[in-house]
Structure formats: structure tokens, C-alpha cells
Amino acid sequence: ARDTFAGLKGSFGSMTLGTQTTPTRLLGTQIDVNVGATSIGQNVAVFGLPGFDAPHANSALYTSPNMSGFGIGVAYMAGEDKSTSGTPAALKKNSDMWDLGLTYANGPALVGLTYATSKARDLVDSQFKNTRLAGAYNFGQGSVRLLWNSAKTSVTGFDSKQNTWGLGATFDVAANGKLIGQYYKTNDVSTNAGDINNTGARLFEIGYEHSLSKRTMIKAIYARVSNDSSAAFNFANNGVNNVGVDVDPSGLQIGIRHNF
């Protein structure tokens, strides 16, 4: 789903309602090396809780004005799945989600920290939390990017966590062309009962983007997800069919992007 929203904007910042990109997803796309974060090699492919990296319907988002480079984002998402009276206890649910973000962007530097939490309010008290820290620096002819992400899941009596780290870079090789590349590694799932071995993965992407005009770009990308023997990560965009554990999706993507 694409962002679709309405709201008010003024000296206080902006307040919008609709289907929107919230702070956690926004920070991830700012660090991803692909223009518009649209590629089979998008970094979200190996994040532990991908639900935090999609536009959210029924969301209310406050975005602060720029305060000497600092910015704040606060989003609330209503699940709109509250169970009706008489629903069996095993099926009851009333979920919602909060997403908070703090960024500093000044000249060539960007640093951001986000925290998102979701509660299902179901029989097993399912809760999901995601913390993300990232930064980027543009040195003129290119850029470097770093990201760390921690995804946590909690149900009654069982807690699990999966961390991801990654780095990316871009380098201008022509007036209108640049090389892009990134590498992300997701560690094994750790739980309060011990680690679950061979549940991690690695994402590798390399490509070239060439601007034909201010709004039109052509690109060529190669990307690969290397899953451990008990992992089944897949591309977030145009995923490979029939991916199972210990299957390593790979692909070559050639395309054109035009901003209307």
C-alpha cells in the first residue's frame, strides 16, 4: 500500500491521518542505498519483524518542525480488530501500535533512533517491540550508511529477540551515475530458553543507478539472501516463490523509475 493521508501543517509541525510511513520504516528507507527503497535488495528483507516496515492504515502521525536539525515523529496505529462481546477468550483481540522516532539531520550527516511497540491483547498477551539505530554520512562523491535493529517478541512465558546490523555505500562514478551496495547480517534468534541455532541470514546487494533526468532513472541490481539452515528470509519486494528453510533467493533486477 502507498502512503495516502490528509492532515494539517503549520509552525507546530504536521498532523496527518491515513495510511502512512511511520518513523521506524522511514529511518530504514533513509539508510537503504536504493533510491525510494524499491529493489529486491531492500534492507528490510532480513529484518526480524517486517510488519514494522510497511505503511500502516488507520494511523495518526505527528511530525515536528525542524528544530536546529532535530526532528520528532510520533505515530499511533489502531488495529481496528477489537473482538465483539461473546467472542471466545481464545479468539479475543484488540491490537494497536505506537512508533516513536528522533532524528538529527544537518548537512551531510543523518542520525536516527526509533522505537515501536505493538500489543495484540490476546489470550497469550502477544507483544512485539522494535528498536532501530542508524546513521549516514554523505562525503560529496558518495555516502556511507550504518544500521542496527533489534526485534523482540513476547508471549506468555516466552521471549525472543533477533538482531540485525548492516552497512551500505554509494559512489558516484559519472555525472549522472552511481554504484550502490549494501550488506546486512541477521543473527540467530535468542530466547529466554536459549538460542535457536541457524536462524540467521545475510543480504548482499550491488548495483548501478543512472539518472536520465531529474525524475527518471534506470537501474540494474543483483541481490542475494543467504539463509542459514533453519531460516527462510526472502526479498521484501518481488520475493522468490516457494522459499523455505535453507533456500537462498537471488535475483537480477533491471528497471526504470519515474517520479510523477
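Note that these values count all heavy atoms, side chains included, but never hydrogens, waters or copies made by symmetry.
Just one of Thr21, Thr24, Thr114 meets the side-chain hydrogen bond (donor to acceptor under 3.5 Å, both in side chains) condition when paired with Asp99; it is Thr24. When each of Leu27, Thr103, Thr131 is tested with Leu113 by the rule side chain to side chain contact (heavy atoms under 4.5 Å, CB included), just one qualifies, namely Thr131. Of the options Ile31, Leu147, Thr164, a side chain to side chain contact (heavy atoms under 4.5 Å, CB included) to Arg132 is made by Leu147 and by none of the others.
Note: the hydrophobic cluster containing Met77 also contains Phe52 (ILVMFWY, side chain heavy atoms under 4.5 Å, direct or indirect links). Each of Tyr208 and Ile254 belongs to its own hydrophobic cluster when Ile, Leu, Val, Met, Phe, Trp and Tyr are linked at side-chain heavy-atom distances under 4.5 angstrom. Transitive grouping of hydrophobic side chains (ILVMFWY, heavy atoms separated by less than 4.5 Å) brings Val44 and Phe233 into a common cluster. Criterion: ILVMFWY side-chain heavy atoms under 4.5 Å apart, direct or through other members. Under it, Phe235 and Phe204 are not part of a common hydrophobic cluster. Val124 and Phe158 fall within a single hydrophobic cluster, where Ile, Leu, Val, Met, Phe, Trp and Tyr are joined by side-chain heavy atoms under 4.5 Å apart, directly or via other members.
For the residue pair Asn130/Asn149, the side-chain donor-acceptor check at 3.5 Å is satisfied. Checking Thr191 against Ser160 by side-chain atom types alone, no donor-acceptor pair falls below 3.5 Å. Remark: the Ser230 side chain and the Thr199 side chain contain no N/O donor-acceptor pair separated by less than 3.5 Å. In the model, Thr38 has a side-chain atom that pairs as donor or acceptor with a side-chain atom of Arg257 under 3.5 Å.
Pairing each heavy atom of Gly157 with each of Asn192, the nearest pair is O-ND2, 3.5 Å.
At least one side-chain heavy atom of Trp148 sits less than 4.5 Å from a side-chain heavy atom of Asn163. Counting heavy atoms from C-beta outward, Asn238 and Ile40 have side chains that approach closer than 4.5 Å. Gln253 has its side chain out of reach of Asn237: every pair of non-hydrogen atoms, C-beta onward, lies at least 4.5 Å apart. Side-chain contact between Asp159 and Lys152 is absent, with no heavy atoms from C-beta onward closer than 4.5 Å. With contacts defined as side-chain heavy-atom distances shorter than 4.5 Å, the pair Val189/Asp195 does not qualify. Counting heavy atoms from C-beta on, the side chains of Asn242 and Val240 never come closer than 4.5 Å. The side-chain heavy atoms of Leu61 and Ser14, taken from C-beta on, include no pair separated by under 4.5 Å. Contact annotation: the side chain of Asp248 approaches that of Arg224 to within less than 4.5 Å [non-hydrogen atoms, C-beta and beyond].
Sorted pairs that involve residues 4-42 and meet ring-ring contact (aromatic ring centres under 6.0 Å, His included), not counting sequence neighbours, are lacking altogether. Applying the ring-ring contact (aromatic ring centres under 6.0 Å, His included) test to every pair with at least one member in residues 117-146, sequence neighbours left out, gives no pairs at all.
For Asp122, there are no salt bridge (charged side-chain N to carboxylate O under 4.0 Å, His left out) partners two or more places apart in sequence or in a different chain. Legend: residues meeting ring pair (Phe, Tyr, Trp, His ring centres under 6.0 Å) with Trp165, ordered by chain and number and at least two apart, are Tyr183. Listed by chain and number, the residues in a salt bridge (charged side-chain N to carboxylate O under 4.0 Å, His left out) with Lys178 are Glu209 (sequence neighbours excluded).
Under the 4.0 Å criterion applied to side-chain N and carboxylate O atoms, Asp125 and Lys119 are not assigned as salt-bridge partners.
Within 6.0 Å of CG on Asn259 lie more than 12 heavy atoms contributed by other residues, nucleotides or ligands. Counting heavy-atom neighbours within 6.0 Å of Asn176 CG, excluding the residue itself, gives a total above 12. Shown here is Lys161, whose NZ atom has no more than 12 heavy atoms of other residues, nucleotides or ligands within 6.0 Å.
Counting side-chain heavy-atom gaps under 4.5 Å among Ile, Leu, Val, Met, Phe, Trp and Tyr, the cluster of Leu100 also holds Met67, Phe70, Ile72, Val74, Tyr76, Trp98, Leu102, Tyr104.
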